[in-house]
Amino acid sequence: MTTIAHTHPVVDAAWIRDRLDDDSVRLIEVDVSPAAYRAGHIPGAVLWNIYADLRLPGYAPAGVPELEQLLSRSGVGIDTTVVFYGYGAHLGYWLLRTHGHEDVRLLDGPREQWLDTGAWSLDEPVPATTAYRLGPPDAGTYASRDDVLSAIGRPGTVLLDVRSQAEYDGERFWPSGATEDAGRAGRLPGGVHLPIDELRTTDGRFRARHELERALAERGLADDGRIVAYCTVGNRASQAWFAFTQLLGRRDVAVYHGSWAEWGHLPDTPVER
């Protein structure tokens with residue numbers, strides 16, 4: 001089951017500014033490309049590319065060995081305070097929490113809020129390499145492809161699709177449309193639809209608690225049954241996981257990290273449209 005972080009996970013830009021020279025704090029920007037990072041980032045931050053660093057060829061999620069290498073070259077040790085920000089901040093937060101790293105924080109909302117406190121840096125740091133060893137993922141918070149297959153049609157488990165309406169209906173594979181290597185569009189059989197936009201404000205922050213609770217209640221998810229959230233690459237699903245567990249205190253919530261980028265590229269997975 002999900003363990004709620006013992007320290008509040010959300011920090012603001014001023015909290016980061018006051019710790020820029022603290023060697024025990026590692027800033028990590030998570031995004032789907034290096035473009036924004038290279039144009040400017042919080043001083044001292046390293047980049048995690050969702051596709052290049054957190055995915056394997058064929059779109060399967062990176063495993064423990066790849067994540068250990070990524071953490072090691074990012075200068076993360078077992079006692080490091082890791083602070084995520086950017087497009088995929090919640091995905092980074094969820095990954096480290098589900099693998100047992102204790103001190104993980106995030107800057108919620110748009111990365112541009114940093115500019116109210118400090119300036120962007122163009123320097124790309126190369127941290128001293130560590131020898132990080134991860135624990136296995138928490139079965140309560142991490143769902144594999146096999147876990148999802150066994151959950152289809154299982155009473156008491158909801159497969160929660162937090163993608164857009166077009167993705168859920170099978171009109172699009174990727175959020176922005178199709179690409180040459182697009183797989184099969186659609187959804188998990190029996191998937192319940194709750195677009196992530198219903199949980200977030202227009203500036204990218206979470207809505208008020210009563211609005212989050214109402215969104216769940218409208219889908220019949222007000223009780224404590226198990227929820228397995230999925231999207232395309234796990235980013236929107238990890239946002240939903242964060243809202244349900246860290247803000248609402250739900251216990252039995254997992255993310256299907258493979259999500260549609262994995263499921264839809266496989267030839268034999270069941271797809272509903």
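As a basis for the values below, the full set of heavy atoms in this structure was taken, side chains included, without hydrogen atoms, waters or symmetry mates.
Within the structure, salt bridge (charged side-chain N to carboxylate O under 4.0 Å, His left out) contacts touching residues 113-125 (residues at least two apart or in different chains) do not occur. Listed by first then second residue, pairs satisfying salt bridge (charged side-chain N to carboxylate O under 4.0 Å, His left out) with a partner in residues 155-165 read Asp161-Arg163, not counting sequence neighbours. Screening residues 123-155 for ring-ring contact (aromatic ring centres under 6.0 Å, His included), with sequence neighbours left out, gives Trp94-Tyr142, His101-Tyr132. Pairs passing the salt bridge (charged side-chain N to carboxylate O under 4.0 Å, His left out) check and including a residue from residues 186-203, sequence neighbours excluded, read Asp108-Arg200, Arg187-Glu272, Glu198-Arg219, Asp203-Arg205. Annotation: ring-ring contact (aromatic ring centres under 6.0 Å, His included) contacts involving residues 197-218, sequence neighbours excluded, comprise His90-Phe206, Phe206-Phe242. Residue pairs meeting the salt bridge (charged side-chain N to carboxylate O under 4.0 Å, His left out) criterion with at least one member in residues 255-265, sequence neighbours excluded, are Arg145-Glu262.
Aromatic rings of Phe173 and His265 (six-membered ring for Trp) have centroids within the 6.0 Å cut-off, being under it.
Here the CG-CG distance, from Leu248 to Leu216, works out to 6.5 Å after rounding to the nearest 0.5 Å. Note that CG of Leu27 is 12.0 Å distant from CZ of Arg105, once rounded to the nearest 0.5 Å. Interatomic distance, CH2 of Trp260 versus OG1 of Thr232, reported as 9.5 Å (0.5 Å rounding). A distance of 10.0 Å separates CG in Leu106 from CD in Gln239, rounded to the nearest 0.5 Å. Atoms CZ and CZ, from Arg226 and Arg250 in turn, are 11.5 Å apart once rounded to the nearest 0.5 Å. To the nearest 0.5 Å, atoms CD1 (Ile28) and CG (Leu96) are separated by 7.0 Å.
Side-chain contact check for Trp263 versus Val271: some heavy-atom pair is nearer than 4.5 Å. Side-chain contact between Tyr87 and Ile50 is present, with at least one heavy-atom pair separated by less than 4.5 Å. No side-chain heavy atom of Arg251 sits less than 4.5 Å from a side-chain heavy atom of Asp224. Two residues are said to be in side-chain contact when any heavy atoms from C-beta on lie closer than 4.5 Å; Ser164 and Arg172 fail this criterion.
By the side-chain hydrogen bond (donor to acceptor under 3.5 Å, both in side chains) test, Trp48 pairs with Ser74, sequence neighbours left out. Every residue meeting the side-chain hydrogen bond (donor to acceptor under 3.5 Å, both in side chains) condition with Thr81, not counting sequence neighbours, appears here in chain and number order: Asp103. Asp53 meets the side-chain hydrogen bond (donor to acceptor under 3.5 Å, both in side chains) test with Arg73; sequence neighbours excluded. Applying the ring-ring contact (aromatic ring centres under 6.0 Å, His included) criterion to Tyr168, with sequence neighbours excluded, gives His193. Under the rule for a ring-ring contact (aromatic ring centres under 6.0 Å, His included), His99 has no partner lying at least two apart in sequence or in another chain. Contacts of Asp22 classified as side-chain hydrogen bond (donor to acceptor under 3.5 Å, both in side chains), with partners at least two apart in sequence or in another chain: Ser24.
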- Message: Test side-chain contact (heavy atoms from CB on, under 4.5 Å) on Val82 and Tyr93; report intermediate values, then the result.
- Response: CA-CA 8 Å; Val82 182; Tyr93 181 93; over 6 Å; no
- Task: For Thr98 and Trp241, run side-chain contact (heavy atoms from CB on, under 4.5 Å): C-alpha distance rounded to whole Å, both residues' side-chain angles, the deciding distance at 0.1 Å, then the answer.
- Result: CA-CA 11 Å; Thr98 203; Trp241 174 88; over 6 Å; no
- Message: Would Leu221 and Phe244 count as a side-chain contact (heavy atoms from CB on, under 4.5 Å) here? Give the steps.
- Response: CA-CA 11 Å; Leu221 305 176; Phe244 301 159; over 6 Å; no
- Message: Applying side-chain contact (heavy atoms from CB on, under 4.5 Å) to Arg97 and Asp138, what does each step give before you reach the verdict?
- Response: CA-CA 9 Å; Arg97 288 296 297 159; Asp138 181 347; over 6 Å; no
- Query: Ser259 and Arg236: side chain to side chain donor-acceptor pair (under 3.5 Å), yes or no, with the steps?
  - Reply: CA-CA 10 Å; Ser259 278; Arg236 288 172 287 179; over 6 Å; no
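Within 6.0 Å of CG on Asp23 lie no more than 12 heavy atoms contributed by other residues, nucleotides or ligands. Within 6.0 Å of CG on Leu56 lie more than 12 heavy atoms contributed by other residues, nucleotides or ligands.
Test Val32, Asn235, Leu67 against Leu54 for side chain to side chain contact (heavy atoms under 4.5 Å, CB included) and you get one pass: Leu67.
Both the sub-6.0 Å distance and the 45° axial angle are not jointly satisfied by Arg111 relative to the ring of Trp114.
Aromatic ring pairs are classed by plane angle as parallel below 30°, tilted from 30° to 60° and perpendicular above 60°; the pair Trp174 and Tyr51 is perpendicular.
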